[in-house]
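Keep in mind that this is a model prediction, so the values were computed, not measured.
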Amino acid sequence: MNDAKIRLCVTQALGDGQTIPLTQDQAHYLFGVMRLKIGARVLLFNGVDGEYLAEVTQAAKRKGVLTCLKQTRLLQMPPDLWLLFAPIKKARTDFIVEKAAEMGAAQIMPVQTRYTNSDRIRQDRLQAHALEAAEQCGGTYVPKVTDIRKLDVVLADWPADRQLIFCDEALIGAKEALLEHSDTQKWAILIGPEGGFSVEERAKLSALPFVTKISLGPRILRADTAAVAALTLWQSTLGDWG
Ligand code: SAM
């Protein structure tokens with residue numbers, strides 16, 4: 001019976017009988033915080049091999065070993081959706097990354113726009129947030145969080161087969177600017193910073209052939225709210241919620 005409640009993302013390959021040595025942090029979490037003992041069950045995933053039920057076979061203060069018993073789920077890839085967003089205050093940026101991971105973004109890309117407050121992010125910290133979100137939400141895939149890049153640079157080598165949904169606050173309330181069904185398979189969403197997009201950015205984005213401009217309703221949303229709203233709109237219209 002799969003009575004495991006804890007899910008852990010590991011880096012090692014998973015397979016029946018595979019032994020997984022734990023890092024110090026993982027051992028501390030399982031044995032120090034969660035008080036697991038030998039024989040306890042844990043669910044493991046690594047973003048490649050799906051999910052496995054594993055058993056604690058060695059447990060010590062700062063180390064331990066889990067042994068894979070059986071595969072419980074196949075790898076479930078999220079839709080091919082990227083989220084581009086301009087970082088805002090730290091806690092709200094963490095929130096955007098966490099929600100994007102929970103809501104099925106395959107890649108999360110901080111971009112620097114004209115009015116973006118910060119030109120630096122802690123990519124390792126944001127990647128850890130995405131990993132924790134995947135552990136919590138039952139995902140078997142961990143979205144990649146990229147380092148911050150200038151929006152212009154990202155647009156300059158944009159893949160021709162990927163549609164970019166530009167959430168344009170200037171379209172506030174515009175009825176016609178809704179997300180249309182489309183047979184495009186590769187998508188991305190772009191959310192601007194607290195200060196919105198500049199006039200030049202808006203003109204440049206509007207002229208790009210791969211851009212679809214949309215409104216997110218009649219009110220100005222905070223960037224983190226807009227990210228969740230756009231992800232919800234996309235998933236319910238074109239994604240894997242149907
Ligand atoms: N400072 C801008 C203003 O007052 O017009 C608001 C920017 S808003 C806080 C941050 C981002 O969320 C925007 O750049 C846009 O990408 C998105 N957004 C917020 N409300 C929106 C709406 N009603 N329609 C489309 N996008 C919206």
Side-chain angles (χ1 to χ4, degrees), residues 78-89 92-93 95-97 99-100 103-121 123 126 143-242:
D80 192 349
L81 172 66
W82 295 352
L83 175 71
L84 285 70
F85 74 98
I88 44 182
K89 290 189 183 54
R92 290 181 177 275
T93 294
F95 175 88
I96 290 177
V97 169
K99 298 314 146 197
M103 296 181 73
Q107 183 162 278
I108 302 167
M109 303 165 66
V111 288
Q112 190 184 355
T113 65
R114 173 83 172 66
Y115 299 134
T116 301
N117 302 333
S118 55
D119 59 358
R120 269 195 306 275
I121 55 154
Q123 185 275 339
L126 294 179
K144 168 93 181 108
V145 180
T146 63
D147 208 342
I148 191 166
R149 291 199 297 167
K150 288 192 182 308
L151 179 60
D152 284 346
V153 171
V154 173
L155 295 176
D157 64 350
W158 190 263
D161 62 350
R162 187 173 295 272
Q163 198 65 15
L164 174 61
I165 299 169
F166 165 31
C167 296
D168 182 358
E169 69 272 13
L171 290 178
I172 183 165
K175 282 277 176 278
E176 74 281 0
L178 296 176
L179 188 54
E180 302 294 330
H181 270 276
S182 156
D183 56 4
T184 308
Q185 294 308 309
K186 298 183 176 185
W187 287 88
I189 293 169
L190 171 62
I191 301 289
E194 285 161 4
F197 288 99
S198 70
V199 171
E200 297 77 14
E201 283 168 339
R202 181 164 290 109
K204 175 171 184 174
L205 283 159
S206 304
L208 292 171
F210 52 77
V211 168
T212 302
K213 290 203 297 187
I214 68 162
S215 164
L216 292 175
R219 286 168 290 278
I220 288 282
L221 309 176
R222 279 185 178 276
D224 42 341
T225 313
V228 174
L231 285 162
T232 304
L233 181 66
W234 187 87
Q235 277 290 19
S236 53
T237 314
L238 299 170
D240 63 5
W241 288 3

Check your understanding: Do any N or O atoms from the side chain of Glu194 and from the backbone of Ile88 form a donor-acceptor pair under 3.5 angstrom?
Key -> no
Practice item. For the pair Glu201 (side chain) and Arg114 (backbone), establish whether a donor and an acceptor sit closer than 3.5 Å, ignoring hydrogens and angles. Key: yes
Practice item. Please determine if Arg202 and Glu169 form a salt bridge, counting it only when a charged side-chain N lies under 4.0 Å from a carboxylate O. Key: yes
Review point. Heavy atoms, side chains only, cut-off 4.5 Å: are Leu81 and Leu231 in contact?
Key: yes
Point to revise | Where Ala229 and Leu221 come nearest, the two heavy atoms and their spacing | key: CB-CD1, 4.0 Å
Revision key, fill the gap. Nearest heavy-atom approach of Gly192 to Ala86 is C-CB, 3.8 Å
Check your understanding: Would you call Lys144 and Ile108 a side-chain contact if the rule is heavy atoms closer than 4.5 Å?
Key -> no
Practice item. Indicate whether the side chain of Gln163 and that of Thr184 have a donor and an acceptor atom separated by less than 3.5 Å. Key: no
Review point. Minimum heavy-atom separation for Gly196 to Tyr115, with atom names?
Key: O-CD1, 3.3 Å
Practice item. Using the six-membered ring wherever Trp is involved, compare the ring planes of Trp158 and Phe210 and label them parallel, tilted or perpendicular (cut-offs 30° and 60°). Key: parallel
Exercise for review: For the pair Ser215 (side chain) and Gly173 (backbone), establish whether a donor and an acceptor sit closer than 3.5 Å, ignoring hydrogens and angles.
Suggested key: yes
Exercise for review: Output, in order, the C-alpha distance, side-chain angles, deciding distance and verdict of side chain to side chain contact (heavy atoms under 4.5 Å, CB included) for Val153 and Leu155.
Suggested key: CA-CA 5 Å; Val153 171; Leu155 295 176; over 6 Å; no
Check your understanding: Between the main-chain N or O of Trp187 and the side-chain N or O of Arg162, is there a donor-acceptor pair closer than 3.5 Å?
Key -> yes
Practice item. Measure the shortest side-chain to side-chain distance between Leu233 and Ile214 over non-hydrogen atoms and say whether it is less than 4.5 angstrom. Key: yes
**Study point:** side chain to side chain contact (heavy atoms under 4.5 Å, CB included) between Leu171 and Lys213, worked out
**Key:** CA-CA 8 Å; Leu171 290 178; Lys213 290 203 297 187; 3.7 Å; yes
Point to revise | Check: Phe166 ring centroid to Phe197 ring centroid under 6.0 Å | key: yes
Practice item. Kindly compute the distance separating CE (Met103) from CD1 (Ile189), expressed to the nearest 0.5 Å. Key: 8.5 Å
Revision key, fill the gap. Nearest heavy-atom approach of Gly104 to Pro78 is O-CB, 3.5 Å
Check your understanding: Side-chain contact, heavy-atom cut-off 4.5 Å: Cys167 with Leu190?
Key -> no
Point to revise | Sidechain N-carboxylate O distance under 4.0 Å for Asp119, Lys150 | key: no
Review point. Hey, does Met109 have a side-chain heavy atom less than 4.5 Å from the side chain of Val154?
Key: yes
Exercise for review: Answer whether the closest heavy-atom distance between the side chains of Ile96 and Ile191 falls below 4.5 Å.
Suggested key: no
Review point. So, do Val111 and Arg149 sit near enough that their side-chain heavy atoms are less than 4.5 Å apart?
Key: no
Review point. Using a distance-only test with no angle check, is there a side-chain donor-acceptor pair under 3.5 angstrom linking Asp80 and Gln185?
Key: no
Point to revise | Trp241-Trp234 aromatic ring centre distance below 6.0 Å | key: no
Revision key, fill the gap. So CG of Leu151 and CG of Leu84: to nearest 0.5 Å the spacing works out to 7.0 Å
Practice item. Using a 4.5 Å cut-off on heavy atoms from C-beta on, say whether the side chain of Thr232 contacts that of Val228. Key: yes
Check your understanding: Counting only N and O atoms by type, is there a donor-acceptor contact under 3.5 Å from the side chain of Gln112 to the main-chain atoms of Ile148?
Key -> no
**Study point:** salt bridge (Lys or Arg N to Asp or Glu O under 4.0 Å) evaluation trace for Lys99 with Asp224
**Key:** CA-CA 9 Å; Lys99 298 314 146 197; Asp224 42 341; over 6 Å; no
Review point. Closest approach of Ala100 and Leu83, non-hydrogen atoms and distance?
Key: CB-CD2, 3.7 Å
Revision key, fill the gap. Nearest heavy-atom approach of Pro87 to Ile121 is CG-CG2, 3.7 Å
Point to revise | Thr93 side chain to Lys89 backbone, donor-acceptor under 3.5 Å | key: yes
